[in-house]
Amino acid sequence: MKKIIICIFLILPISIDALCSNEIRDKGKELAEKITTEISYNESRNTYTFTLYNVDNDMKIYYSNHTYKPNNAIVSLSNISEGTNVTVDIYYTDSCDEQVHIIKKTMPYYNRYFESLICDGYEDKLYACSTKFTSYYITEEIVKLAINNYDTQQIPIDVEVPIEEKPQPTIIDKAKDVINEWGYKVALAVCSSLITIIIGNSMYRKEVHGV
């Protein structure tokens with residue numbers, strides 16, 4: 001009798017493994033990739049519903065320690081809070097109890113200031129005022145800060161006009177500048193010297209010739 005019981009336990013794992021073949025696994029993965037999802041928000045409850053479509057009837061959906069079976073190829077996960085990281089495990093057939101796919105999704109935050117009075121005039125200017133669902137929780141302080149920063153940036157400010165860089169002067173240019181700056185001084189000095197010489201010569205002749 002003991003030999004018979006041992007044989008049963010030895011054969012049973014082999015039989016289960018035979019039912020969970022690679023062909024079944026591949027089929028489960030292929031069907032799981034066809035699943036589409038949708039998020040809907042219930043404003044009165046401030047919760048989300050995460051819906052899966054095209055779920056094969058042989059599939060099982062695991063989420064938050066609960067198991068769901070499809071109804072008309074649809075599985076709906078409701079009462080999910082904003083900001084929740086949803087992880088859905090998908091299994092295919094009871095005989096092959098293995099995960100064939102996983103779906104991860106983060107529920108967005110509902111922006112309570114979208115189209116609110118405080119955002120009047122900033123709907124097309126600020127993310128905090130133009131987006132209904134956001135990736136982070138938006139508070140009144142965040143909205144006011146965003147508005148203040150935007151208004152501050154719109155105030156005209158004095159802008160320093162950059163000075164155009166002049167090309168470096170060449171040797172010829174420097175020579176011209178020297179001539180222009182010192183030429184007239186040299187000319188005056190020469191003229192003064194000539195006048196002095198002429199006057200001196202004239203006086204000298206007068207003294208020599210007694211003129």
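Along the sequence shown, residues are numbered consecutively beginning with 1. Because the structure is a prediction, the values reported are computed rather than measured.
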T84 side chain to V86 main-chain N or O, any donor-acceptor pair under 3.5 Å?
no

Check whether the side chains of E82 and Y48 place a donor and an acceptor atom closer than 3.5 Å, and report yes or no.
no

Under a 4.5 Å cut-off applied to non-hydrogen side-chain atoms, are N85 and K104 in contact?
no

Measuring from T49:OG1 to M107:CE, what's the distance to the nearest 0.5 Å?
9.5 Å

Would you say L31 and I102 are hydrophobically clustered, going by side-chain heavy atoms of ILVMFWY under 4.5 Å?
no

side-chain contact (heavy atoms from CB on, under 4.5 Å) between K105 and T37, intermediate numbers included:
CA-CA 10 Å; K105 190 74 174 179; T37 61; 5.6 Å; no

Can you tell me how far CD1 of I80 sits from OG of S40, rounded to the nearest 0.5 angstrom?
9.0 Å

How far apart are the C-alpha atoms of D89 and T87, what are their side-chain angles, what is the distance that settles it, and do they pass the side-chain contact (heavy atoms from CB on, under 4.5 Å) test?
CA-CA 7 Å; D89 298 313; T87 300; 4.2 Å; yes

Using the rule given for side-chain contact (heavy atoms from CB on, under 4.5 Å), can you reason through K29 versus H101, listing the C-alpha separation, both sets of side-chain angles and the distance that settles it, and then say yes or no?
CA-CA 6 Å; K29 292 178 181 179; H101 195 58; over 6 Å; no

Under 3.5 Å: donor-acceptor pair, side chain of E30, backbone of G28:
no

What do the steps show when you test I90 against Q99 for side-chain contact (heavy atoms from CB on, under 4.5 Å), and what is the final call?
CA-CA 6 Å; I90 302 173; Q99 184 191 77; 5.9 Å; no

With clusters defined by side-chain heavy atoms of hydrophobic residues (ILVMFWY) lying less than 4.5 Å apart, directly or transitively, does L52 cluster with Y41?
yes

I want to check something: taking the side chain as every heavy atom from C-beta on, are N148 and Q153 in contact at a cut-off of under 4.5 Å?
no

Straight-line distance of T51 OG1 to E38 CD, nearest 0.5 Å
6.0 Å

Check: K132 side chain, F114 main-chain N or O, donor-acceptor pair, under 3.5 Å
no

Exercise: identify the closest heavy-atom pair between A128 and C119:
O-SG, 4.2 Å

I'd like to check V55 versus I61 (side-chain heavy atoms, cut-off strictly below 4.5 Å). Are they in contact?
yes

May I ask you to check whether Y92 and D97 show a side-chain donor-acceptor distance below 3.5 Å?
no

Do Y63 and Y68 have ring centroids that are under 6.0 Å from one another?
no

Between Y91 and E98, a side-chain donor and acceptor under 3.5 Å
no

Is there a donor-acceptor contact under 3.5 Å linking the side chains of Y127 and N111?
no

Check for a donor-acceptor pair, side chain of R45 on one end and backbone N or O of E43 on the other, with a separation under 3.5 Å.
no

Less than 4.5 Å apart, any side-chain heavy atom of F133 and any of I39?
no

In this structure, OH of Y109 is separated from OG of S81 (nearest 0.5 Å) by 10.0 Å

Does the side chain of I35 reach to within under 4.5 Å of the side chain of M59, using non-hydrogen atoms?
yes

Count the heavy atoms belonging to other residues, nucleotides or ligands that lie under 6.0 Å from CG of D124, then report whether that count exceeds 12.
no

Which value, rounded to the nearest 0.5 Å, describes the distance between S21 atom OG and D26 atom CG?
8.5 Å

Trace of the salt bridge (Lys or Arg N to Asp or Glu O under 4.0 Å) decision for K27 with E23:
CA-CA 6 Å; K27 182 180 179 181; E23 184 179 355; over 6 Å; no

Atom CD1 of I147 and atom OG1 of T152: how far apart are they, to the nearest 0.5 Å?
11.5 Å

Taking the side chain as every heavy atom from C-beta outward, state whether L77 and V75 have any pair of such atoms under 4.5 Å apart.
yes

Given the rule that I, L, V, M, F, W and Y join up when any side-chain heavy atoms are under 4.5 Å apart, are I142 and Y122 in one cluster?
yes

Taking atom types as modelled, is there a side-chain donor on N42 or T47 under 3.5 Å from an acceptor on the other?
no

Joint cluster assignment, I138 & L145, ILVMFWY side-chain distance < 4.5 Å
no

Is there a continuous path of hydrophobic side-chain contacts, each under 4.5 Å between heavy atoms, that joins V88 to Y62?
no

